[in-house]
Amino acid sequence: MLTLGALVGRAELELAFAGGIDAARYEPAGVAGLTTLTLAQLLEGEPQRHLEPGSLVLVTGLPFRLRGHAEVALETLLEQLALDRCAGLVVNATPAPHQPFPQAIRDLSSALAVPLLVTTAPLREWVRTRHRFQESRLSGAERRAAQLATLVQQMPTQLADPRAMQRIADWLARALHVQVLVSEPQRVLAASPATAAETLAPAIIHRSVGAATPEQHTRLISLAPAHGADTVLAVARTAPFDDADVRLLGQTAKLLGLLDQARREYRAAADASRAARRAAVELLLDAEVDKARRVMAPQAPGLLEPETARVFVIETARTHRDAVVRRCEAVTAGRALVIADPRAERRILVVQPIPLPARAGRGGAVASDAYDTSGAGGAAALLGRSAGASDLPGTSGVPAELALVVAALGADATLSGSGIYSMSLLADALKEAVAAQRFALHQPDVLALSAHHTDLVGLLPPRDAQRWARNLLDPLMRHETQWEQMRETLASALAHPYTVAARRLHLHRNTVTRRVTRAAEALDVDFGTVADRIAVGLALELVTQREHPAGSAAPDGAPPTLPALLAAPQVLAWADTLLHTARGDRRDLLTTATVWLTHDAHIEPTARALGLSEATVRSHLRALERHMARDFSSLNGLRDLQFSLHVVTGDLDVADSRGVLCPAT
């Protein structure tokens, strides 16, 4: 847009500010158009219409000295120009040593802030200037239309697009040649160029354009004043802003305001969703499955309906955790719950519900997407040979996608997972996954290690393991009603004190005790012994949580013994790896553990048998827990200790079918 200063600089217009007028004050004023009046029209009261803001009014034919009606008419015109926010008043006068305006007109001009100018150029030159104004306005209108069209194109496909504000800020900086900053009190949301924050910070802090330097013209626009939001758009440049620039800034601020509102609402919804997922996982870990399902039902209907699930643990740098959580949420959307573990700042928990297939025989085996690590593939992983995520044996679905996420994070991140557990036993699944993660840290060059690599049950020959387990549990499985009643009660009672099991199962403690007693009588075992608890617990896991291989329902010959199952090569590799670091300890930890298990995990008789203090026995056991990355307060931890000692040292017996102790070979 042309300015008064630019017009004064044109030689052909012979234009100058009248004497006594502060030229510097008015030179930056923009001129939008030209209106001409003759003396006759002025005396008749023209113009009677509103003039467009920014118009320059040219009056021709005025006498050398204004008197009477002409002076009064000019005063009236000045008042109208002020009301219509016109750029100024120009009179066409012949050169003379005296001012064409009386002092009263000049005083009124100063009071109304309407500059007075004088031109000696012929009218034809001003006619040409009018055409230039029209061309300039047309060009400006086309430019503004193009800018608005481009602004609309900046609208993101998703309002919550985190990069949308920055793209709009970059566009605005190019379109108006300005520095742009979008910020809230706590942080900068977008800046273009990157140094804009330093330039505009004083203006934002003081919430005033006066905070800028005299050379810098600044505009501050609140993006959502009606909603009490404190996000601000700030722009600055050396040239002043004209009306068209201000309008474009207003349109841009509206779009940025919508994005800011969407960002706030999305963040609130995400926070609420995240809180619900965190609450659901905490309830699952407390065995409050029904409550967890009610919490998640509005957000993810049906996600927690399955009766079984597995838990994955990801360890990553604390500074990267939130980003990894979002990435895991994206790749497992609708199939798993992902939360940042509130108990460990580097840990992420992923709960993957796994639907039960049709029941296989009386055992109701679970066909899972658990990894098949039997044979050479599982043994290779156990021995610590590095593999990419795509090379993990049998990976698919959620585990494979999590492995890819972790692989991209580098060597500082690890992935581990549990086997498949009942929803009510998810706390045990988490213990197993955490133990597997600790195990992974001791292996060289392992990128991501899931629990199936350290899960003994996954290494047992599947067909023979099922035959052994079903033979052991046959007295309970003969009657469907009895089996349905016993399976969950017995699994929980073996893993926890009866009081805890009763709370988890929503039963009375006496009911749990009666059922466990009947089960022990039917199976001819003594649950007061560690060996029997381990054997029955293993059989229950095989029958209820592991896949029933095709053809295993019709066994040929006698079922295998438990020592025969543990003699598989991959089990030997597992046991050797599990006890490897413990055997290098200067203390005889394995002997202490063997005697402790022989005395059914009682400290006092173990100490007497070894001639050690009880504190020393406990110290040895804690050290062995660290070496093995196992929790000996859990049934699975005891099982892994007993079986690994049985396989490696040969000094510990294991219980077989019907409570028969099988010596180590």
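If you read the sequence from its start, that first residue is 1, and numbering goes on from there.
Side-chain contact between V295 and L304 is absent, with no heavy-atom pair separated by less than 4.5 Å. Between L256 and M165, some side-chain heavy-atom pair lies under the 4.5 Å cut-off. Contact annotation: the side chain of V232 never approaches that of I221 to less than 4.5 Å [non-hydrogen atoms, C-beta and beyond]. Side-chain contact between P102 and I105 is present, with at least one heavy-atom pair separated by less than 4.5 Å. Put simply, the side chain of V351 reaches to within 4.5 Å of the side chain of L426, judged on heavy atoms. Looking only at side-chain heavy atoms (C-beta outward), P399 and Q352 come within less than 4.5 Å of each other. Looking at D84 and S55, their side chains never come closer than 4.5 Å, going by heavy atoms from C-beta outward. At least one side-chain heavy atom of L58 sits less than 4.5 Å from a side-chain heavy atom of L123.
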(message) Evaluate Q179 against S192 for side chain to side chain contact (heavy atoms under 4.5 Å, CB included), listing each step before the verdict.
(response) CA-CA 6 Å; Q179 297 187 69; S192 186; over 6 Å; no
(request) For L233 and L220, run side chain to side chain contact (heavy atoms under 4.5 Å, CB included): C-alpha distance rounded to whole Å, both residues' side-chain angles, the deciding distance at 0.1 Å, then the answer. (result) CA-CA 6 Å; L233 166 64; L220 299 179; over 6 Å; no
(message) Let's go through L78 and L116 carefully: what are the C-alpha distance in whole Å and the side-chain angles of both, what is the deciding distance for side chain to side chain contact (heavy atoms under 4.5 Å, CB included) to 0.1 Å, and is it a yes or a no?
(response) CA-CA 9 Å; L78 276 174; L116 300 174; 3.9 Å; yes
(request) In sequence, state the C-alpha distance, the side-chain angles, and the governing distance for T36 and W126, and then conclude on side chain to side chain contact (heavy atoms under 4.5 Å, CB included). (result) CA-CA 9 Å; T36 59; W126 284 97; 5.6 Å; no
(request) Given salt bridge (charged side-chain N to carboxylate O under 4.0 Å, His left out), test E282 with R343 step by step and report yes or no. (result) CA-CA 11 Å; E282 294 293 340; R343 293 168 291 274; 2.8 Å; yes
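For R187, the side-chain hydrogen bond (donor to acceptor under 3.5 Å, both in side chains) criterion is met by E184, not counting sequence neighbours. In terms of the side-chain hydrogen bond (donor to acceptor under 3.5 Å, both in side chains) criterion, R85 has no residue partners (sequence neighbours excluded).
Between W171 atom CH2 and Q166 atom CD the span is 14.5 Å, to the nearest 0.5 Å. A distance of 9.5 Å separates CG of L284 from CE of M296, quoted to the nearest 0.5 Å. Between I348 atom CD1 and H320 atom NE2 the span is 11.5 Å, to the nearest 0.5 Å. Rounding to the nearest 0.5 Å gives a distance of 4.0 Å between CD1 of I168 and CG of L255. Once rounded to the nearest 0.5 Å, the distance linking CG of L4 with OH of Y26 reads 10.0 Å. Of the inter-residue distances, the one linking E46 atom CD with Q80 atom CD reads 9.0 Å to the nearest 0.5 angstrom.
Taking a cutoff of 4.0 Å between a charged side-chain nitrogen and a carboxylate oxygen, D170 and R167 do not qualify as a salt bridge. E125 and R130 are not joined by a salt bridge, as no carboxylate oxygen comes within less than 4.0 angstrom of a charged side-chain nitrogen. In summary, E401 and R335 engage in a salt bridge, as defined by a charged side-chain N under 4.0 Å from a carboxylate O. Comment: E329 engages R277 in a salt bridge, judged by a side-chain N to carboxylate O separation of less than 4.0 angstrom. With respect to D245 and R237, a salt bridge is recorded, a charged nitrogen being found less than 4.0 Å from a carboxylate O.
Screening D341, V338, V325, V406 for a side-chain contact (heavy atoms from CB on, under 4.5 Å) with I314, the sole residue that qualifies is V406. Checking L34, T119, L13, L117 one by one against L7, the side-chain contact (heavy atoms from CB on, under 4.5 Å) holds for a single residue, L13.
Without hydrogens or angle criteria, S109 side chain to V114 main chain gives a donor-acceptor distance under 3.5 Å. T218 places no side-chain N or O within 3.5 Å of a backbone atom of A236 that could act as its donor or acceptor partner. When atom types are taken as modelled, the side chain of N92 and the backbone of T60 share no donor-acceptor pair closer than 3.5 angstrom. Side-chain atoms of T332 come within 3.5 Å of backbone N or O of C328 as a donor-acceptor pair. The backbone N or O of L248 lies less than 3.5 Å from no partner atom in the side chain of Q251, so there is not a single donor-acceptor pair. The closest donor-acceptor contact from the side chain of E27 to the backbone of T3 lies at 3.5 Å or more, if one exists at all. Judged by distance alone, with hydrogens and angles left aside, the side-chain atoms of T35 form no donor-acceptor pair with the main-chain N or O of V57 at under 3.5 Å.
For E52 against C86, the heavy-atom pair with the smallest separation is O-SG, 4.2 Å. The shortest heavy-atom contact between G88 and L81 is O-CD1, 4.1 Å. Contact record, L39 with G61: CD2-O, 3.4 Å, taken as the closest heavy-atom pair. Contact detail for L200 and V180: the closest heavy-atom pair is CD1-C, 4.2 Å. Nearest approach of V313 to A433, heavy atoms of both residues: CG2-CB, 3.7 Å. Minimum interatomic distance between A429 and S418 (heavy atoms only, all atoms of both residues): O-CB, 3.1 Å.
Side-chain contact check for S273 and Q299: at least one donor-acceptor pair (N or O, by modelled atom type) lies under 3.5 Å. Donor-acceptor pairing under 3.5 Å is recorded for the side chains of Q103 and R106.
A cation-pi arrangement is absent between R310 and F312 under the rule of less than 6.0 angstrom and at most 45 degrees off the ring axis.
Heavy-atom contacts from other residues, nucleotides or ligands closer than 6.0 Å to CZ of R321 number more than 12.
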